[in-house]
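For ligands, and for the atoms within them, numbers begin at 1 and follow the listed sequence. Note that the numbering runs from 1 along the sequence shown for the chain. This is a predicted model, so every value here is computed, not measured. These values consider heavy atoms only, across backbone and side chains, with no hydrogens, waters or symmetry-generated copies.
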Amino acid sequence: MKLREISVPVTSLHGVGESTAKLFSHLNIFTVGDLLSYWPRSFDDRTKYVPLKDFQHGKVNTVAKVVAHEWFGYGNMRTLKVIIEDFSARAELVCFNRPFLEKSLAVGFSVRVNGSFSMRYGNIQSSAFEAESIPSETALELEADFAKTKSTQKYSDYFSSKKILAVYPLTAGLSQTAIRKAVARAIKEYAKGISDEIPEEIIAKHKLMHKAECITAMHIPKTMQEAERARITLIFEELYQFQIQIGMRSLAHRGKLPDDSIFASSSSILEEAALSRENTNGAPDSDSAKAIIEACFLDGLSPRQKKVLESLLFELTIDQKKVIAEMNADIDRSYDLKKPYAMARLLQGDVGSGKTLVAFFACLRVIDYGGQCAMLAPTELLARQHAENAAKLLQNAGVSLAFLTGNIKAAGRNLLLTELKNGNIQLVIGTHALFSHNVQYKDLRLAVIDEQHRFGVLQRNAILEKGRRAADTAETGYITPNLLMMSATPIPQTLALSVFGDLDISVIKSMPSGRLPIKTHLTKQGSEENVYRYVRAELQQGRQAYFVYPLIEQGDTDEDRGNSLKSAEQMYEFLSKKIFPEYKIALIHSKIEENEQREIMSQFNQNKIQILVATSVVEVGVDVPNATCMVIEHAERFGLAALHQLRGRVGRSSLQSHCFLIYSEKLTEDGKSRLKALFESNDGFFIAEEDLRLRGPGEVLGVQQSGYLTLSIADPVRDEAIMNVARTEAFEYIRRTHPGA
Ligand code: ADP
Ligand code: MG
């Protein structure tokens, strides 16, 4: 039986009653399977002798004598202090809420002590310790030997026969001992019958443990090495299964396994062609690669794509062209009816690199084939902006467009839904409303998800599902729509490979030409005047500015300082009355009504408003090229990715832009690192790596709600090496068992 399949309730274990079971339920432990997969947080190695004087080297683990009792505090608060002494030093055990130790640790007793000690008020002290009395003969023997030999060998021997104890995350009312007892019981009764979840030959090849042995070693290890081997086995198993899932998903979706390396998967047929040509004609300049991309790009354009290209006022960057050509090949393949295929692509490009346009080109291709497209954005503000851009760019090329959000009222909405269903609308742009259940398509063949990290995997599937259902009724049978996910928060390579391992990845590195890198300035709170002066100079040149605050309104007080944080509302008043009375200023945040938001954005776009005071609602997507100043107050309150995105709102034209990060005196170490990363770099990829380093993968990906990673013991970043092996083995296995994969 697999570990997770052991579904007998914990109460079936001897010694686990209803009350313990209730406590277990707080830890999501209901079955014996749950209990056995409740992994220890750490281990308490009691096999290693550490005398009191070495308390700084780790947990003390020694034999000592109780020399005195002291009490402090009054009444109910009276607390016992047990003074102990081993041959190396004297120390205090502070027995908070454990008055009963007065008896079990009586003066004169010999005790075995284990705990974390630190120096407090000149004494070595611990309040987190375990202590139990031992026969005084044992203690005397150890002492005598030490007196004779001056060696602590006997102590070491004594402890080497002791145990390594698992330390579990707890919940109120539950003790380590209670968990350990229940786990020991469960292992005794069930471990033998637990089956392996990795093929035998892989276990042998990588010297992993068998599952039964592994579970035992994980909870009750004989040595720390054994515990480590068990941990690695579990990590491998988890990642192996994860990669099997990725492989199978890719197989189902695209009829093939993902490429084995991230570099291979991000390079396209085009790049390969360019490379091979470089090799043959001996001219290894990237110009030839560029020439090939240009040629492929131009050759392959469909009628509507051509038309839009001709209407553009600027040249596409080489990376934009490359990605368009890559997607064209994918889309063509998805319309080749001989073999089911759908694009599944993650497009990563820094803020302002021009991803929207690339997505529009993919839509145009699908529309030329007669299919429908849906473009999904996380905020109404961004969806509307995309819709407005689409109207400007695409309508001349004969694309029928619609805009759909939760706020579109009944009458218009019904008409729109009918038109979508009968295929008269070719591109619909909107928010979550796009996958509400009454939205139906005639032939959805491309779903574009902008700022994909804002959506969960369920939502991504929901929209694909709509296309599947539509296709089921079509003659062509079972079709999965093409999927394009876009993100300006690049996913570091390690994660891209592991978490989005079933996707092809395209990267836009080149920025539109003529852009100047944004200058980032760090300013301490208190010197805002300087920033305001700087911004004024820009406004006088006809430019615009954003001021961003962490709060909408006053109220939340900062506990540490007793100060309140500046809010958007309060600063709107202040900036408009006191600092910039001669300019038009508007306030925008999520509590302002949609219609008003739209009006404000439209006016800001036309430079009828010069300053926008905002919260992080402007974080995603907002695109006003004439805005050159981004001022973020209380910058330390924002995450790294958010700050980078906010900064990306400026620097969107050939004008020099500035980002001012105003921070408070009391910066945490992390806060400092974040601001430093921003100050040093404009590169979203670097920032993403930093973010990952500072916050860990779960946080970065918003894993919990997105459901991408449901890893319990593995960490895709820390365990990258294991991930790679697991991936190779998993794909190997799929190839063996699915001929043609
Ligand atoms: P992001 O990648 O952050 O989504 P956008 O798609 O919003 O970036 O593009 C940012 C701005 O750059 C838009 O105003 C867009 O019109 C403009 N843009 C896109 N491609 C180019 C290009 N090749 N040259 C000049 N400007 C471009
Ligand atoms: Mg964008």
Side-chain angles (χ1 to χ4, degrees), residues 290 293-294 297-298 305 308-325 327 345-364 375-394 429-431 448-455 484-491 506-518 544 546 601 604-607 617-628 630 641-655 657 659 682-685 687-688:
K290 269 191 196 158
I293 292 173
E294 296 275 1
F297 168 73
L298 282 175
Q305 289 181 324
V308 170
L309 182 71
E310 279 157 15
S311 74
L312 288 180
L313 300 174
F314 46 73
E315 171 92 355
L316 292 177
T317 65
I318 189 73
D319 283 354
Q320 285 175 316
K321 289 178 183 172
K322 187 190 74 183
V323 176
I324 292 169
M327 290 197 294
R345 188 173 290 278
L346 176 65
L347 173 57
Q348 302 198 350
D350 216 334
V351 218
S353 62
K355 294 183 292 295
T356 319
L357 196 55
V358 167
F360 285 159
F361 269 80
C363 295
L364 290 168
M375 189 167 186
L376 183 65
T379 62
E380 173 136 5
L381 212 68
L382 181 53
R384 177 170 288 115
Q385 184 182 285
H386 284 334
E388 280 164 6
N389 279 333
K392 265 186 268 166
L393 274 169
L394 309 183
I429 299 179
T431 56
V448 178
I449 304 184
D450 196 14
E451 307 289 344
Q452 64 82 23
H453 57 286
R454 295 285 186 109
F455 294 96
L484 172 63
M485 306 208 289
M486 306 199 285
S487 178
T489 313
I491 292 137
S506 290
V507 177
I508 301 187
K509 280 243 163 85
S510 48
M511 283 289 181
S513 65
R515 299 254 170 106
L516 298 170
I518 302 162
Q544 292 161 277
Y546 300 90
M601 281 319 296
F604 189 62
N605 240 315
Q606 301 165 47
N607 199 359
V617 282
V618 295
E619 182 184 322
V620 284
V622 177
D623 182 36
V624 180
N626 189 51
T628 57
M630 168 60 71
L643 289 169
H644 180 64
Q645 288 265 5
L646 283 169
R647 178 171 61 180
R649 294 310 117 216
V650 297
R652 296 182 156 248
S653 68
S654 56
L655 303 165
S657 288
C659 174
N682 269 319
D683 176 358
F685 287 84
I687 297 207

Close approach of D350 to ligand 1, heavy atoms, under 4.0 angstrom: yes

Geometric N/O contact L357 with ligand 1, under 3.5 angstrom: no

Proximity winner for atom 5 (P) of ligand 1, if only heavy atoms of D450, L382, T356 are counted: T356

Check: D350/H644 side-chain N/O donor and acceptor closer than 3.5 Å: yes

Per-atom contacts of ligand 1 with T317, taking only distances under 4.0 Å to non-hydrogen atoms: 23 (N)

K321 side chain to F297 backbone, donor-acceptor under 3.5 Å: no

Shortest non-hydrogen contact between I518 and G651, atoms and distance: CG1-CA, 3.9 Å

Heavy atom of G349, distance to ligand 1 below 4.0 Å: no

Ionic contact status for K290 with E294, cut-off 4.0 Å: no

Heavy-atom closest pair, residues G349 and K355: O-NZ, 2.9 Å

Contacting atoms of ligand 1, where contact means under 4.0 angstrom from a heavy atom of E315: 22 (C), 23 (N), 24 (N)

Part of R515 with heavy atoms under 4.0 Å of ligand 1, whether side chain, backbone, both or neither: side chain

Proximal atoms of ligand 1 relative to L316 (non-hydrogen, under 4.0 Å): 23 (N)

Chi angles and distances behind the side chain to side chain contact (heavy atoms under 4.5 Å, CB included) call for M485, R345: CA-CA 6 Å; M485 306 208 289; R345 188 173 290 278; over 6 Å; no

Within reach of ligand 1, part of M486 (heavy-atom separation under 4.0 Å): neither

Geometric cation-pi criterion K509 and F685, 6.0 Å radius, 45° cone: yes

N/O separation below 3.5 Å, P625 to ligand 1: no

Polar side-chain atom of Q305 near backbone of F361 as donor-acceptor pair, under 3.5 Å: yes

Ligand 1 atoms in contact with V351 (distance to a heavy atom under 4.0 Å): 3 (O)

